[in-house]
There are 2 protein chains.
Amino acid sequence: MDSGMKLVKIYECLCDATRLRILSVLGQGPLCVCHFQEILREPQVKISKHLSYLRTRGLVVYERVGNWMVYELPAKPSPELRANLACLQDCAREDAVFQRDLARLKKLAPKFAETSPCCGGACAPAAKK
Amino acid sequence: MDSGMKLVKIYECLCDATRLRILSVLGQGPLCVCHFQEILREPQVKISKHLSYLRTRGLVVYERVGNWMVYELPAKPSPELRANLACLQDCAREDAVFQRDLARLKKLAPKFAETSPCCGGACAPAAKK
DNA sequence: TGACTATATTCCAACAACGGAATATGGATA
DNA sequence: TATCCATATTCCGTTGTTGGAATATAGTCA
């Protein structure tokens, strides 16, 4: 499984639909777990476990903001990761599942910004000013 | 597992080192199973099973030439597949494992062309004229 | 036809991934 | 301190993946 190959580890992270959706949404900006839940419409355990999976493999980083854990893509990804994330964003444009997620993100962003303390700060793309 | 998502199926194919090596080498041209064995230095079962895995998922196609099964990348891959294969070829350049495979391919190509009937035809990159 | 060659398939054991239910953790707040 | 909230972790059953040994298949050649 391990094989030590960097590329394999990246692809292992990419071969699950939930994780792809997480990474796709993260392409728009940082987000906390409860917002992932709303956007992907998946239970907390599922989201949390997949984020944990991605975290331990370096595909995402996180920061605590009060009770919230705000996840985002690494600032300086390896060339391999950078290339594959770009490729993913590209391909994701074609698929209805990703489109729906992004549409929900767009729709919910203002609400997130108002109602969630974590989003006054880093969370939600609306925060990028 | 299934999830129906096209992208996931592609990534599932890419998350194994042997399959990545196969696809990397196939980037240079068609090849038969026994030549994969020599280049990757892996046993026949392993090669054959991974080729079968890739075949059933549409990442490779094959043609029978006498006793030999000559595999190659699909002529008209889907946009997703095309993008990811390009990305893979790119990333593979950086990794020693792929480099060694390609070096062995280059070294062995002439020998293949002489000694293997299958390579008078489609097999081995030397055949691209 | 029978032997040979290249490849595929089956059987099996070890192991990892996935999801959900329940529970734990840790910071915030009263 | 007790409580609440967001999130993480553990436990567990199901299912998929991997690799190797042995065996099967299907062309080819004598």
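Remember, predicted model here, so these are calculated numbers, not experimental data.
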_Stacked cation flag A/Arg55 on A/Tyr53, 6.0 angstrom / 45 deg_ = no
*Classify the ring geometry between A/Tyr71 and A/Tyr62 as parallel (under 30°), tilted (30 to 60°) or perpendicular (over 60°).*
parallel
*Steps toward side-chain contact (heavy atoms from CB on, under 4.5 Å) verdict (B/Val33, B/Gln37)*: CA-CA 6 Å; B/Val33 179; B/Gln37 286 178 241; 4.1 Å; yes
*From CA spacing to verdict: side-chain contact (heavy atoms from CB on, under 4.5 Å), A/Gln99, A/Leu102*: CA-CA 5 Å; A/Gln99 289 169 2; A/Leu102 293 181; 6.0 Å; no
*Are B/Glu38 and B/Lys111 close enough for a salt bridge, meaning some N to O gap below 4.0 Å?*
yes
*Rounded to whole angstrom units, what separation is found between the NZ atom of B/Lys9 and the C1' atom of D/dT17?*
17 Å
_Please report the distance, rounded to the nearest Å, between CD in A/Glu38 and P in D/dT7._
11 Å
*Intermediate values then yes/no, side-chain contact (heavy atoms from CB on, under 4.5 Å), A/Leu7 and B/Leu14*: CA-CA 9 Å; A/Leu7 260 184; B/Leu14 300 182; over 6 Å; no
*Please state how far atom OH in A/Tyr53 lies from atom P in D/dA8, giving the value in whole angstrom units.*
17 Å
*For the pair made of CZ in A/Phe36 and P in D/dA8, what is the distance, rounded to whole Å?*
11 Å
*Just how far, in rounded Å, is C1' of D/dT15 from CG of A/Asp16?*
14 Å
_Can you see if the side chain of A/His50 gets near the phosphate of C/dA17 - specifically, an N or O under 4.0 Å from OP1 or OP2?_
no
_Once hydrogens and angles are ignored, does a donor-acceptor distance under 3.5 Å link the base of C/dG19 to the side chain of A/Lys49?_
yes
*A/Ile22 has an atom CD1; how far is it from atom C1' of D/dT7, in whole Å?*
13 Å
*B/Arg19 CZ to D/dG19 C1': how many Å, rounded?*
12 Å
_Can you measure B/Glu42 atom CD to D/dT18 atom C1' for me and round it to whole angstrom units?_
12 Å
Report, one pair per line, the protein and nucleotides 3-7 of chain C atoms (nitrogen or oxygen only) whose separation is under 3.5 Å.
{"from": "C/dT5", "atom 1": "O2", "to": "B/Asn67", "atom 2": "ND2", "distance (Å)": "3.3"}
{"from": "C/dT7", "atom 1": "OP1", "to": "B/Val33", "atom 2": "N", "distance (Å)": "3.2"}
{"from": "C/dT7", "atom 1": "OP1", "to": "B/Met69", "atom 2": "N", "distance (Å)": "3.4"}
{"from": "C/dT7", "atom 1": "OP2", "to": "B/Cys34", "atom 2": "N", "distance (Å)": "2.7"}

